[in-house]
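As the structure is a computational prediction, the values presented were derived from the model and not from experiment.
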Amino acid sequence: QVQLVESGGGLVQAGGSLSLSCAASGRTFERYTMGWFRQAPGKEREFVASVRSSTGGTTYADSVKGRFTISRDNAKSTAYLQMNSLRPEDTAVYYCATTPRVTFATTQDAYLYWGQGAQVTVSA
């Protein structure tokens with residue numbers, strides 16, 4: 001069993017930056033693919049970014065490409081999401097997720113474990 005605890009987020013004006021962290025329990029964090037999803041009010045949860053365990057390769061949703069950066073620190077069992085040039089449409093609850101395999105998938109069903117979510121609000 002893996003537990004994920006998110007931190008960060010908050011309120012920022014459009015054009016600003018925020019960062020999220022996701023601390024994972026478990027002794028084999030380095031083998032897990034880490035992902036971030038988000039869910040805006042009244043909308044379905046959508047993929048944001050992922051970082052794979054084997055190569056550190058990353059995948060981004062087109063909507064955040066060039067603005068968001070996902071990274072990981074295996075020594076700290078923590079994944080990060082740096083969000084720059086934020087827009088009001090980035091407002092959502094952001095969820096950290098993980099799965100114990102290498103995956104390029106961008107769908108929720110590819111991930112086994114989920115965090116509790118962190119609110120990100122971007123004002124116009």
Side-chain angles (χ1 to χ4, degrees):
Q1 189 75 9
V2 175
Q3 290 186 330
L4 302 175
V5 179
E6 296 139 346
S7 59
L11 173 64
V12 68
Q13 289 187 332
S17 298
L18 285 173
S19 62
L20 296 172
S21 298
C22 176
S25 64
R27 293 172 290 180
T28 58
F29 174 82
E30 63 273 12
R31 302 179 186 176
Y32 286 61
T33 296
M34 301 298 297
W36 289 96
F37 288 73
R38 66 186 182 185
Q39 187 167 19
K43 295 187 177 181
E44 294 187 353
R45 192 172 298 186
E46 64 176 4
F47 172 80
V48 175
S50 66
V51 56
R52 285 171 288 284
S53 53
S54 58
T55 63
T58 56
T59 302
Y60 293 94
D62 288 343
S63 59
V64 306
K65 202 171 293 183
R67 300 187 298 122
F68 290 12
T69 302
I70 189 172
S71 61
R72 63 190 296 158
D73 185 338
N74 289 338
K76 296 182 178 180
S77 297
T78 301
Y80 305 94
L81 186 68
Q82 177 65 40
M83 303 177 288
N84 299 327
S85 301
L86 283 161
R87 306 166 180 169
E89 54 264 39
D90 294 318
T91 295
V93 176
Y94 283 69
Y95 296 91
C96 175
T98 189
T99 186
R101 62 187 183 95
V102 175
T103 180
F104 292 80
T106 60
T107 55
Q108 295 183 61
D109 57 7
Y111 291 82
L112 287 180
Y113 305 105
W114 292 81
Q116 79 285 0
Q119 179 68 48
V120 170
T121 303
V122 184
S123 62

Problem - Carboxylate-amine/guanidinium contact Asp90 Arg87, below 4.0 Å - result: no
Problem - Exercise: identify the closest heavy-atom pair between Gly8 and Ala118 - result: O-CB, 4.2 Å
Practice task
To the nearest 0.5 Å, tell me how far Leu4 CG sits from Tyr95 OH.
Solution key: 13.0 Å
Could you tell me whether the side chain of [X] and the main chain of [Y] form a donor-acceptor pair under 3.5 Å?
X     : Y      : answer
Thr91 : Val122 : yes
Thr33 : Arg101 : yes
Thr69 : Gln82  : no
Ser25 : Val2   : no
Thr59 : Phe104 : no

Practice task
Let me see the working for Glu46 and Arg38 under side chain to side chain contact (heavy atoms under 4.5 Å, CB included), right down to the final yes or no.
Solution key: CA-CA 5 Å; Glu46 64 176 4; Arg38 66 186 182 185; 2.7 Å; yes
Practice task
Inspect the surroundings of CD in Gln13 and state if more than 12 heavy atoms from other residues, nucleotides or ligands are less than 6.0 Å away.
Solution key: no
Exercise for the section: Hey, can you tell me if Phe37 and Phe47 have their rings parallel, tilted or perpendicular (30° and 60° cut-offs)? Expected result: perpendicular
Exercise for the section: Check step by step if side chain to side chain contact (heavy atoms under 4.5 Å, CB included) holds for Glu6 and Leu20. Expected result: CA-CA 7 Å; Glu6 296 139 346; Leu20 296 172; over 6 Å; no
